Structures are given as structure tokens and as C-alpha cells.
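Below is one structure; the comments refer to it alone.
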Amino acid sequence: LKEGICLFELGEPSRALQSLARAYMSEGEKIFEGEDPKYIAFLSLHLKPPAGKKAIAKDIHLPDISSTEIERALSELKTLLGKHALERLRDARPAAPLAALVVGYNHPEILDVPLLGYRSLKDRPAWVPRDYRHFADDDLQIGGPDVASLVGRLALASPDRRPKAREVCLDVARRLGASVAKVLDVAPSFVAYATDFDGRDLKENFKALGLDVDLLGKSKAKPKARK
């Protein structure tokens with residue numbers, strides 16, 4: 001339970017969900033007594049009870065976020081992600097020129113604080129197509145408490161109005177592609193893209209961003225089913 005709470009507050013709802021679900025399956029709703037009701041409310045949005053069992057947190061009613069609030073929070077989040085991503089890149093001081101920038105997400109539906117990865121042109125000769133599935137530096141979380149707070153707030157929106165991680169990260173990658181070249185030295189072939197950590201969405205994301213899918217080559221490896 002404590003692990004799930006910490007992950008949620010750190011802006012990682014998709015990982016928090018797994019921990020919170022394990023706590024619930026072990027002890028039931030009683031384990032959430034004394035905790036902020038948002039945690040079990042978040043769990044109830046994703047974990048369906050077994051047949052014949054009552055809905056999780058049926059008696060807990062958190063105020064839903066209005067469409068206007070969602071739009072405002074999402075706009076602020078994207079602005080902060082772009083700002084923090086540039087700050088992370090400046091601090092990391094990647095070797096110039098920059099060849100690729102990736103915005104990574106864990107789950108396409110559940111929005112976490114994204115990770116930022118990059119590749120320099122000097123690494124390009126050693127690449128094989130599947131390298132677009134990986135991060136050169138995958139420990140650069142984009143943002144701080146301000147971003148984590150917004151991510152947590154949006155995680156409590158109703159499923160039909162909750163922003164999807166894939167869509168948000170695609171938009172952030174699109175914005176970074178246009179802004180990074182203004183502050184850093186990039187290669188003529190520079191690409192900015194988004195992908196899930198296992199690369200399942202990589203090809204479709206390249207298409208969505210108008211990037212050359214041929215860069216990905218052909219992969220014989222079949223992606224594993226997403227849990």
C-alpha cells in the first residue's frame with residue numbers, strides 16, 4: 001500500500017495501480033482506512049470487482065474534474081513538460097549534434113510523468129533499427145513535484161475524459177521537435193518521437209508524427225502482449 005501511495009504521489013499512477021491492486025487483493029478495502037480516499041477511488045477506476053461483488057469504493061465520492069479543469073490542467077502539464085525537458089537536456093549536455101530525442105511512457109492509457117531519452121549523432125553508425133526502441137539515457141524524468149501533482153490530478157478524472165499517455169507524449173514530442181533545434185545543436189536528420197518502453201507503439205507513433213518509418217527497418221521480434 002505504501003509503495004503504491006508513494007508511486008502515485010511521484011507521478012507514476014500506472015505503477016501505483018499494480019501496488020494498490022496487490023494491497024486490495026490481499027486485505028480488501030479495510031487496508032485503505034485512514035488514507036486519503038483518492039487512492040482507493042483511483043483504484044476503483046481501473047480494477048473491476050469479481051462477479052457478484054460490490055464495486056470498489058462504492059460509497060466514496062470524490063468530486064469529478066470538469067472538462068474545463070481537465071483542459072486547463074492538460075495545457076499547463078504540456079507546457080511544463082516542454083520546459084522541464086529542455087532544462088534536462090541542458091543539464092545533461094549531450095554530445096552535439098543531437099540525432100534523436102524520445103519521450104517515453106509506460107502505458108498508453110495511464111499517464112505517468114514521462115521519461116526523456118536522447119542519442120547523439122556520433123552514436124549513429126553503431127545503431128541498428130531496433131535501437132529506436134531504446135533510450136540512451138532513460139533516467140531523465142521530465143519534471144518535478146509540479147508535474148507529478150498535475151499527473152495525479154488528471155489520474156482521478158473519469159475514464160472517458162482522462163488524457164491518454166500516448167496522446168500527451170506524442171504532442172510533447174511534436175512540440176520538442178520544433179523547439180529543441182532553437183536551443184541545441186541538432187543533426188539535419190534529427191527526429192523527436194514518443195514511444196512506450198517496449199516499443200510496441202513505435203511504428204504507429206512514427207506515422208502519427210510524420211516521421212520516416214523506414215528508419216525503423218524490419219524487426220523479426222514480436223512484441224509481447226501488454227499487461
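This is a predicted model, so every value here is computed, not measured.
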What distance separates Leu156 CG from Ile70 CD1, expressed to the nearest 0.5 Å? 10.5 Å
Quick one: closest heavy-atom pair of Cys169 and Ala194, and the distance? O-CB, 3.6 Å
Looking only at atom types and distance, does a side-chain atom of Thr79 sit under 3.5 Å from a main-chain N or O of Ser75, one as donor and one as acceptor? yes
For a quick test of reading the model, state the closest non-hydrogen atom pair linking Pro13 to Ala155 and the distance between them. CG-CB, 4.0 Å
Counting C-beta onward and ignoring hydrogens, is there a side-chain heavy-atom pair between Leu10 and Arg15 closer than 4.5 Å? no
Knowing that exactly one of Lys38, Lys2, Arg153 qualifies, which makes a salt bridge (charged side-chain N to carboxylate O under 4.0 Å, His left out) with Glu9? Lys38
Check for me, please, whether Leu111 and Leu80 land in the same ILVMFWY cluster - side-chain distances under 4.5 Å, paths through other members count. yes
Can you check whether Arg175's main-chain N or O pairs, donor with acceptor, with Ser179's side chain at less than 3.5 Å? yes
Distance in Å, Phe8 CZ paired with Asp36 CG, rounded so as to fall on 0.5 Å steps: 8.5 Å
Under a plain distance cut-off of 3.5 Å, with no hydrogens placed, do Ser14 and Asp112 share a side-chain donor-acceptor pair? yes
If you count every heavy atom of other residues, nucleotides or ligands that lies below 6.0 Å from Lys203 atom NZ, does the total exceed 12? no
Glu109 CD to Glu167 CD distance, which is reported to the nearest 0.5 Å: 8.0 Å
Are Val183 and Val172 linked, directly or through other ILVMFWY residues, by side chains that come within less than 4.5 angstrom of each other? yes
Backbone of Asp214 reached by a side-chain donor or acceptor of Asp212 within 3.5 Å: yes
Minimal heavy-atom distance between Ala181 and Val186, with the atoms involved, is CB-CG2, 3.9 Å
Against Pro114, only a single residue in Val151, Asn106, Val168, Ile142 fulfils side-chain contact (heavy atoms from CB on, under 4.5 Å); can you say which? Ile142
Got a sec, which pairs hit side chain to side chain donor-acceptor pair (under 3.5 Å) with one end in residues 90-100, sequence neighbours left out? none
Between the side chains of Glu204 and Arg166, is the shortest nitrogen-to-carboxylate-oxygen separation below 4.0 Å, so that they form an ion pair? no
For side chain to side chain contact (heavy atoms under 4.5 Å, CB included), just list the numbers for Asp146 and His84, CA-CA rounded to whole Å, side-chain angles, deciding distance to a tenth of an Å, and then say yes or no. CA-CA 10 Å; Asp146 51 355; His84 285 302; 3.1 Å; yes
If you look at every heavy atom in Leu115 and Gln141, which pair is closest and at what distance? CD2-CA, 3.6 Å
Report the distance from atom OG of Ser19 to atom CG of Leu1, rounding to the nearest 0.5 Å. 9.5 Å
Would you say NZ of Lys78 has more than 12 non-hydrogen atoms from neighbouring residues, nucleotides or ligands within 6.0 angstrom? yes
Decide side chain to side chain contact (heavy atoms under 4.5 Å, CB included) for Asn205 and Tyr193; before the verdict, give the C-alpha distance in whole Å, the side-chain angles of both, and the deciding distance to 0.1 Å. CA-CA 7 Å; Asn205 287 356; Tyr193 60 102; 5.9 Å; no
Quick check: closest heavy atoms across Ser189 and Leu121, and the distance to 0.1 Å? OG-CD1, 4.5 Å
Specify the closest pair of heavy atoms between Asp196 and Asp201, including all atoms of both residues, with the distance to one decimal. OD1-N, 2.7 Å
Linking I/L/V/M/F/W/Y whenever their side-chain heavy atoms sit closer than 4.5 Å, directly or via other members, would Tyr39 and Leu47 fall into one cluster? yes
What verdict does the side chain to side chain contact (heavy atoms under 4.5 Å, CB included) test give for Leu43 and Leu17, after you've listed the backbone C-alpha separation in whole Å, the side-chain angles of each residue and the deciding distance to 0.1 Å? CA-CA 6 Å; Leu43 182 63; Leu17 179 61; 3.7 Å; yes
Spacing of Ser67 atom OG and Leu74 atom CG [to the nearest 0.5 Å]: 12.0 Å
Ile40 vs Glu35 side-chain heavy atoms within contact, under 4.5 Å: no
Could you tell me how the ring of Tyr24 sits relative to the ring of Phe32: parallel (under 30°), tilted (30 to 60°) or perpendicular (over 60°)? tilted
Gap separating the CD1 atom of Ile65 from the CD atom of Glu71, nearest 0.5 angstrom: 12.5 Å
If hydrophobic clusters are built by linking Ile, Leu, Val, Met, Phe, Trp and Tyr wherever their side-chain heavy atoms come under 4.5 Å apart, do Leu86 and Leu150 end up in the same one? yes
Side chain to side chain contact (heavy atoms under 4.5 Å, CB included) assessment of Leu81 paired with Val147: CA-CA 7 Å; Leu81 287 174; Val147 170; 3.8 Å; yes
Are Ile5 and Leu45 connected in the hydrophobic side-chain network, where two residues link if heavy atoms are under 4.5 Å apart? no
